[in-house]
There are 2 protein chains.
Amino acid sequence: MQKIDTKTKILNAAEQLFAERGFADTSLRLITSQAEVNLASVNYHFGSKKELIQAVLARYLDVFSPALELSLQNIIDNKDRISQIEVFNCLVEPLLSLDAFRHQGTTMFLSLLGRGYVESQGHLRWYIMTNYGNVVATFNHVVREANPHLSKEEIFWRLHFTLGTVVFTMASSKALIEIAKADFNADVNIEGLIHRVIPFIAAGVSSPA
Amino acid sequence: MQKIDTKTKILNAAEQLFAERGFADTSLRLITSQAEVNLASVNYHFGSKKELIQAVLARYLDVFSPALELSLQNIIDNKDRISQIEVFNCLVEPLLSLDAFRHQGTTMFLSLLGRGYVESQGHLRWYIMTNYGNVVATFNHVVREANPHLSKEEIFWRLHFTLGTVVFTMASSKALIEIAKADFNADVNIEGLIHRVIPFIAAGVSSPA
DNA sequence: AACATTTTAAAACAAGTGTTTAATTACAGG
DNA sequence: CCTGTAATTAAACACTTGTTTTAAAATGTT
């Protein structure tokens with residue numbers, strides 16, 4: 001059994017609690033008690049709660065962002081015509097690979113992203129854009145190539161609709177999966193949810209103008 | 001100039017702040033100072049913050065819910081085959097009529113609903129279901145009739161995807177409309193946004209299984 | 001070994017939270 | 001008028017929050 005350092009213990013406890021309860025409803029005392037470290041150590045290692053939130057997300061984005069970039073460049077180089085569903089499929093592997101990175105990594109990452117978008121007043125959005133904006137730009141570019149029949153404006157709206165679908169679904173994915181289990185006796189995991197949502201948003205994005 | 005009673009002044013201030021900043025990030029002191037009433041009056045009139053949140057939502061649901069019920073019953077009685085887009089169109093008028101009920105009522109209501117769904121641990125969902133569950137049931141019923149090719153479970157998921165799209169879009173509609181105006185010189189209002197999102201979600205919901 | 005640095009620990013801090021209390025004011029009906 | 005209920009107010013309550021402080025312990029370096 002290897003020894004886990006305090007910094008990692010905090011990140012592990014924090015990401016789980018953040019994903020489950022949101023940022024505002026998760027106190028540092030809850031985090032440190034679950035991580036079995038001293039309260040003061042989070043300020044010692046991260047500076048502040050805000051920076052801890054960013055560090056939690058950065059751990060995933062540093063893995064996800066290059067993987068998505070690679071996946072997108074791949075279809076840019078190899079495909080002449082790109083369909084919308086292919087674009088969304090670029091997200092699948094980078095997302096699912098997060099499960100190898102950490103237990104329930106995919107769910108965790110998407111929940112955190114969702115929480116970040118609806119909870120934060122902007123500091124997270126700003127942090128993501130200034131640190132990982134290049135991938136976002138590439139994604140936008142590919143979507144435009146996949147939908148030459150749509151105007152810039154139409155794409156703008158539909159991508160935000162898409163973002164809403166994904167972010168909202170993932171932010172409440174745990175609750176939804178539990179309800180589905182209770183009401184339909186259905187065993188759904190995050191991979192199933194992703195493959196269920198992609199046809200939905202692809203149909204929406206590529207619907208006639 | 002008529003005198004507005006304290007209870008209403010609190011509700012008016014609360015709904016605006018709740019919609020903008022969420023429930024957790026809005027303190028009673030912020031509400032009462034904006035409403036220009038005493039701090040204690042919210043507990044006097046509503047009992048607790050939790051009950052205030054419910055009262056804020058109830059004010060809209062009491063208007064929206066019967067209007068939607070009527071709209072749904074109308075197509076149940078008069079149509080033999082119901083298309084999904086017709087179902088969603090049932091929402092338009094009841095939603096837009098909230099703008100007559102209160103200034104920016106449509107945006108407000110959808111924002112509050114979205115906040116409630118992602119923030120609350122369940123007490124709001126429970127409150128809505130036990131008080132307005134009949135309309136939800138009717139809506140579900142109509143959607144099923146419009147999509148006989150889809151299983152109950154599939155409909156469950158797609159309706160939640162839809163909810164995510166709408167709620168997220170409307171919650172950030174103010175910012176999105178401003179961006180659209182700056183980037184595309186496009187003049188979009190809430191009504192235009194609703195008519196833009198309906199084809200998107202209708203295509204998603206009715207896409208092949 | 002001794003020194004220097006990094007990390008942990010307990011405690012206190014200042015500020016903010018929802019809620020309650022007790023006293024005062026407003027305003028009815030008799 | 002007076003009386004009793006309703007409404008408002010200022011103050012305090014008990015508690016939680018993120019952050020700092022100060023000291024001790026662990027760790028690394030020469």
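Numbers restart at 1 for each chain; the letters A, B, ... are given by sequence-line order, proteins then strands.
The separation between B:E36 atom CD and D:dA7 atom C1' is 18 Å, rounded to whole Å. Atom-to-atom, CG of B:L28 to P of D:dT8 comes out at 16 Å; the value is rounded to the nearest Å. Distance, B:K7 NZ to D:dA6 P: 13 Å, rounded to whole Å. For A:D5 and C:dT7, the CG to P distance is 9 Å, given to the nearest whole Å. Across the protein-nucleic acid pair, B:L39 atom CG and C:dG18 atom P stand 8 Å apart, rounded to whole Å. One interatomic measurement links the two molecules: CG of A:L30 to C1' of D:dC15, which rounds to 16 Å at whole-angstrom precision.
Taking the six-membered ring for Trp and the full ring otherwise, the centers of B:F168 and A:F168 sit at least 6.0 Å from each other.
Contact between A:R158 and A:S207 at its shortest, heavy atoms only, is NH1-O, 2.5 Å. Across all their heavy atoms, B:V167 and B:L110 have their closest contact at CG2-O, 4.1 Å.
Donor-acceptor pairing under 3.5 Å is recorded for the side chains of B:S206 and B:N147. For the 3.5 Å distance criterion, the side chains of A:D5 and A:T8 qualify, holding a donor opposite an acceptor. Side-chain atoms of B:T165 and A:T165 form a donor-acceptor pair, as typed in the model, at a separation below 3.5 Å.
Across D:dT17, C:dT8, C:dT19, the shortest atom-to-atom separation from the side chain of A:T6 is found for C:dT8.
The stretch residues 40-57 of chain A touches DNA chain D through A:A40, A:N43, A:S48, A:K49, each having a heavy atom under 4.0 angstrom from the strand.
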Quiz item: Can you give the dot-bracket line for DNA chain D, where a pair is Watson-Crick or G-U wobble with both atom distances under 3.5 Å, crossing pairs use [ ], and | marks a partner on another strand?
Solution: ||||.||||||||||||||||||||||||.

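Using cut-offs of 30° and 60° for the angle between ring planes, the B:F88 and B:F139 rings count as tilted. Between A:F64 and A:F109, the two ring planes are tilted [angle within 30° to 60°].
Considering only residues two or more places apart in sequence or on other chains, B:K50 meets the salt bridge (charged side-chain N to carboxylate O under 4.0 Å, His left out) condition with none of them.
Here B:N38 reaches the OP1 or OP2 of D:dA10: one of its side-chain N or O atoms lies under 4.0 Å away.
At a cut-off of 3.5 angstrom, the base of C:dG16 holds no donor-acceptor pair with the side chain of B:R29.
Residue contacts shown for B:T32 are absent, as no nucleic acid heavy atom lies under 4.0 Å away.
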